[in-house]
Amino acid sequence: MLALSAASLAITAPAAAQAVSQTGAPGTTTSAAPQVDGNAATPSTQEAISFVEGAEAKLAEFSIPAAQAAWVNATYLTQDSDALAAYFGTIGTEMSVGFANDAARFADVEGLDYDTLRKLNTLRGGIVLPAPTTAGAAAELNRISTSLTSQYGKGKGTLNGQPINGSDIEAKMGESRDPAELQEMWTSWNDNVGAPMREDYIRMVGIANQGAKDLGYADVGSMWRSAYDMPPEQFTELTDKLWQDVKPLYDDLHCFVRAKLNEKYGDSVQSPDGPIRSDLLGNMWAQEWGNIYDVVAPAGAGDIGYDVTSLLEAKDYDALKMVKTGEGFFSSLGFEPLPETFFERSLFVKPQDREVVCHASAWDLDNVDDVRIKMCIKVNADDFTTIHHELGHNYYQRAYNKQPFLYLNGANDGFHEAIGDMIALSITPEYLVQIGLLDKSQVPSSDKDIGLLLRQAMDKVAFLPFGLMVDKWRWGVFDGSIPSSGLQQGWDDLRLEYQGIAPPVARTEANFDPGAKYHIPATTPYMRYFLARILQFQFYKAACDEAGWKGPLHRCSFYGNKAVGEKLNAMLEMGASRPWPDALEKFTGSRDMSGKAMLEYFAPLQSWLKTQNKGRDCGW
């Protein structure tokens, strides 16, 4: 799930790597302001200001046509659209690298005002895949990144020997309870999609690392971590601290789920101790486990009394009605309705006549109001939640659209992901009653709370270590601590360490399972999703406090509360104009990210899990 905008991605990545990225017209130069002579004396303050103003204007102009080209590429996967995306991406990368190198030359200028300095840092450090300035490097980088994303979009696995596309195999992984089917789908997807990417990925890392070094960073990973208003080392410490906050809750959940899988499948499929076999967890990447709730839900406590998928089907929901319902949540908070162009231009359902990138994403193509979502919506609970999430991106994009171009982004990338997730947390039984999906008589009583919380934890808590280790792996690849000769081993080791899972079949360095996860070939930094899992509960608690909610946190819905909407908008409209602690404080009253709100939300469940796990050998 991504937020993609012409502005925020204009300085971050090759077009195909982020789907929407740098934009511009053929023949444009790579800089909007006069180049600064690296051998000359330190440039003046006015030169720095003029450079930023020129760069910002050029990027704004450049951002729209390539965003449109990237949209076409994502929704019409052909050789021609790949070539167009790579073409615009090459121009954009060269422009971004030119601006980044120019911005680095102003590093020692004294007396710069706040905005000029912040924008210079954004220009220098905001590129996701920096290309070296050597001739042809940007073109090669974009060719590789375009090819990797396209390979993923066209990828297929097999089920019972028959080809099955990405969106369908994801759904079947959540539905099947046959270990043989699950193993076939998992293995075929990882082998068919991931393995062929390996050499291209290694080459891409080498090019991008050189580009990062040209900009004064140790490697690409260090460059990514520099984007969080703190030194890279401090950000690493922050993520480790957040993980330690919530790890005990994950460990309790892992122990319980493993025991239930062992009860269902037996020792020959799932051992009662050690790691969990990853393909049994209802998701291709074992990143969320909610699809196997039926397997682990204990009698009574696990029965939540309703099923959102069944409710949607009973009320004849289709893709459009699901989107309209998501829009209605934001309208209830006082946000303006989405423009008609949103419904005219978005992609809601997978076309029958062409290949598209089905991975859900939210787009802002003109930095004003041409917002869209791209999904292959299925009428089920997961996509109902995803729609609320993606719309959160769109409303964030609209809220900050009056900021200067270089501030058209979230306070940090975790904020962007967390907004929609906060809304999704409010999809409580009370909310479902308010929108007419659930009859009031079906609202589960408090004795069902453990079931409700367990179902949430199967997604929210289970995701935490995966959200952390994806970029832990990439940081290691970028800095060389995970060598190119050990990419698969590094992936498997981190998944075992953080998630406590193991692949269903043996893996070797002929494999490249990371490539079978969209965000790896698409070069989308993943730490945003880990941060979002933490931040969404902070945001949610702040919204519930503002709404005056007095009951258990997990039952709070702030649907219809205009005061919450007003306070939320005050944070959203800041965009990236201030360091993220300022934005966090605006809405929550705190400047520190913390896992405490998440632990409060799941406290009743964690207590219950500890009781259930008595006598079990937890850990792996």
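Residue Pro196 comes nearest to Gln151 through the heavy atom pair CB-OE1, 4.1 Å, listed as atom of the first residue, atom of the second, then distance. The two residues Gly221 and Trp475 make their nearest non-hydrogen contact at CA-CD1, 3.9 Å. Between Lys374 and His359 the shortest heavy-atom distance is NZ-O, 2.7 Å. Between Leu487 and Glu509, the shortest heavy-atom distance links the atoms N-OE1, 3.1 Å. Taking all atoms of both residues into account, the shortest heavy-atom contact from Tyr400 to Leu572 is CB-O, 3.6 Å. When all heavy atoms of Ile207 and Ala137 are compared, the closest pair comes out as CG2-O, 4.2 Å.
Between Met593 and Leu242, some side-chain heavy-atom pair lies under the 4.5 Å cut-off. Residues Leu112 and Thr45 meet the side-chain proximity criterion, which asks for heavy atoms closer than 4.5 Å. The side-chain heavy atoms of Val246 and Val461, taken from C-beta on, include no pair separated by under 4.5 Å. Two residues are said to be in side-chain contact when any heavy atoms from C-beta on lie closer than 4.5 Å; Asn190 and Met284 meet this criterion. By the 4.5 Å heavy-atom criterion applied to side chains, Gln68 and Ile64 are counted as neighbours. Looking only at side-chain heavy atoms (C-beta outward), Lys472 and Asp240 come within less than 4.5 Å of each other. Inter-residue side-chain proximity for Leu531 and Glu417 is flagged as unmet; no heavy-atom pair is nearer than 4.5 Å. The side-chain heavy atoms of Tyr250 and Pro248, taken from C-beta on, include no pair separated by under 4.5 Å.
Side-chain atoms of Asn73 come within 3.5 Å of backbone atoms of Ser81 as a donor-acceptor pair (strictly under, hydrogens ignored). Listed for the Ser226 side chain is no donor-acceptor partner under 3.5 Å among the backbone atoms of Pro232. The backbone N or O of Arg143 lies less than 3.5 Å from no partner atom in the side chain of Ser147, so there is not a single donor-acceptor pair. Side-chain atoms of Ser150 never come within 3.5 Å of backbone atoms of Thr146 as a donor-acceptor pair (strictly under, hydrogens ignored). Distance alone, capped at 3.5 Å, places no donor-acceptor pair between the Gln403 side chain and the Ser577 backbone. In this structure, the side chain of Glu140 does not engage the main chain of Gly136 through any donor-acceptor pair within 3.5 Å. Side-chain N or O atoms of Asp471 include none that pairs as donor or acceptor with a backbone N or O of Arg474 at under 3.5 Å. Not one N or O on the side chain of Thr116 forms a donor-acceptor pair closer than 3.5 Å with the backbone of Ala48. Between the side chain of Gln488 and the backbone N or O of Arg507, no donor-acceptor pair lies under 3.5 Å. Looking at Gln499, its side chain does come within 3.5 Å of a backbone N or O of Ala286 through a donor-acceptor pair.
Between Met230 atom CE and Glu237 atom CD the span is 9.5 Å, to the nearest 0.5 Å. Note: Ser594 OG to Ile534 CD1 = 8.0 Å, rounded to the nearest 0.5 Å. In this structure, the separation between CG on Asp513 and CG on Asp492 is 6.5 Å, given to the nearest 0.5 Å. In this structure, the separation between CD1 on Ile419 and CG on Asn394 is 13.0 Å, given to the nearest 0.5 Å. Of the inter-residue distances, the one linking Thr149 atom OG1 with Ile144 atom CD1 reads 11.5 Å to the nearest 0.5 angstrom. Rounded to the nearest 0.5 angstrom, Leu141 CG and Thr523 OG1 are separated by 8.0 Å.
A donor-acceptor contact closer than 3.5 angstrom links the side chains of Asp493 and Gln489. A donor atom on one side chain and an acceptor atom on the other are not found under 3.5 Å apart for Thr386 and Glu390. Side-chain contact, Gln538 with Lys596: no donor N or O sits under 3.5 Å from an acceptor N or O. Defined by atom type and a distance below 3.5 Å, a donor-acceptor pair is present between the side-chain atoms of Ser361 and Trp363. In this structure, a donor-acceptor pair under 3.5 Å is absent between the side chains of Asn401 and Gln397.
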- Yes or no on side-chain contact (heavy atoms from CB on, under 4.5 Å) for Leu215 and Val97, after CA distance, side-chain angles and deciding distance? CA-CA 9 Å; Leu215 293 172; Val97 170; 5.5 Å; no
- Asp592 and Ser590: side chain to side chain donor-acceptor pair (under 3.5 Å), yes or no, with the steps? CA-CA 6 Å; Asp592 298 318; Ser590 172; 4.7 Å; no
- Query: Would Lys247 and Asp245 satisfy salt bridge (Lys or Arg N to Asp or Glu O under 4.0 Å), going step by step from the backbone distance to the final call?
  - Reply: CA-CA 6 Å; Lys247 184 179 185 296; Asp245 283 348; over 6 Å; no
- Message: Would Arg528 and Thr524 count as a side-chain contact (heavy atoms from CB on, under 4.5 Å) here? Give the steps.
- Response: CA-CA 9 Å; Arg528 64 188 64 178; Thr524 304; 3.7 Å; yes
- Give the intermediate values and the outcome of side-chain contact (heavy atoms from CB on, under 4.5 Å) for residues Asn121 and Arg118. CA-CA 5 Å; Asn121 288 335; Arg118 187 166 181 81; 5.7 Å; no
- Applying salt bridge (Lys or Arg N to Asp or Glu O under 4.0 Å), run through Arg578 and Asp115 and close with a yes or a no. CA-CA 9 Å; Arg578 302 293 304 175; Asp115 287 309; over 6 Å; no
- Message: I'd like to know whether Met375 forms a side-chain contact (heavy atoms from CB on, under 4.5 Å) with Leu347, so could you lay out the CA-CA distance, the side-chain angles of the two residues, the decisive distance to 0.1 Å, and finally the verdict.
- Response: CA-CA 6 Å; Met375 289 182 63; Leu347 177 72; over 6 Å; no
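Just one residue in the list Asp364, Asp366, Asp369 forms a salt bridge (charged side-chain N to carboxylate O under 4.0 Å, His left out) with Arg398, and that residue is Asp369. Checking each of Phe530, Tyr228, Trp580 against Phe235 for a ring pair (Phe, Tyr, Trp, His ring centres under 6.0 Å) leaves exactly one that passes, namely Tyr228.
In this structure, Lys119 is positioned above the aromatic face of Tyr407, its NZ or CZ under 6.0 Å from the six-membered ring centre and within 45° of the axis. Judged by the 6.0 Å and 45° rule, Arg124 forms a cation-pi pair with Tyr217.
The aromatic ring centroids of Phe539 and Phe415 lie less than 6.0 Å from each other. In this structure, the ring of Tyr540 has its center no less than 6.0 angstrom from the ring center of Phe537. Tyr498 and Phe466 have their aromatic ring centers separated by at least 6.0 angstrom. For Tyr201 and Trp491, the ring centers are positioned 6.0 Å apart or more.
More than 12 non-hydrogen atoms from other residues, nucleotides or ligands lie less than 6.0 angstrom from CD of Gln244.
A salt bridge links Arg533 with Asp421: at least one charged nitrogen is closer than 4.0 Å to a carboxylate oxygen. A salt bridge does not link Asp582 to Lys586: none of the charged side-chain nitrogens sits closer than 4.0 Å to a carboxylate oxygen. Remark: Lys154 does not engage Glu355 in a salt bridge, criterion side-chain N to carboxylate O under 4.0 Å. Between Arg198 and Asp200 there is no salt bridge, since no side-chain N of the basic residue sits under 4.0 Å from a carboxylate O of the acidic one. Between Asp219 and Arg225, no side-chain nitrogen of the basic residue sits less than 4.0 Å from a carboxylate oxygen of the acidic one, so the salt-bridge criterion is not met.
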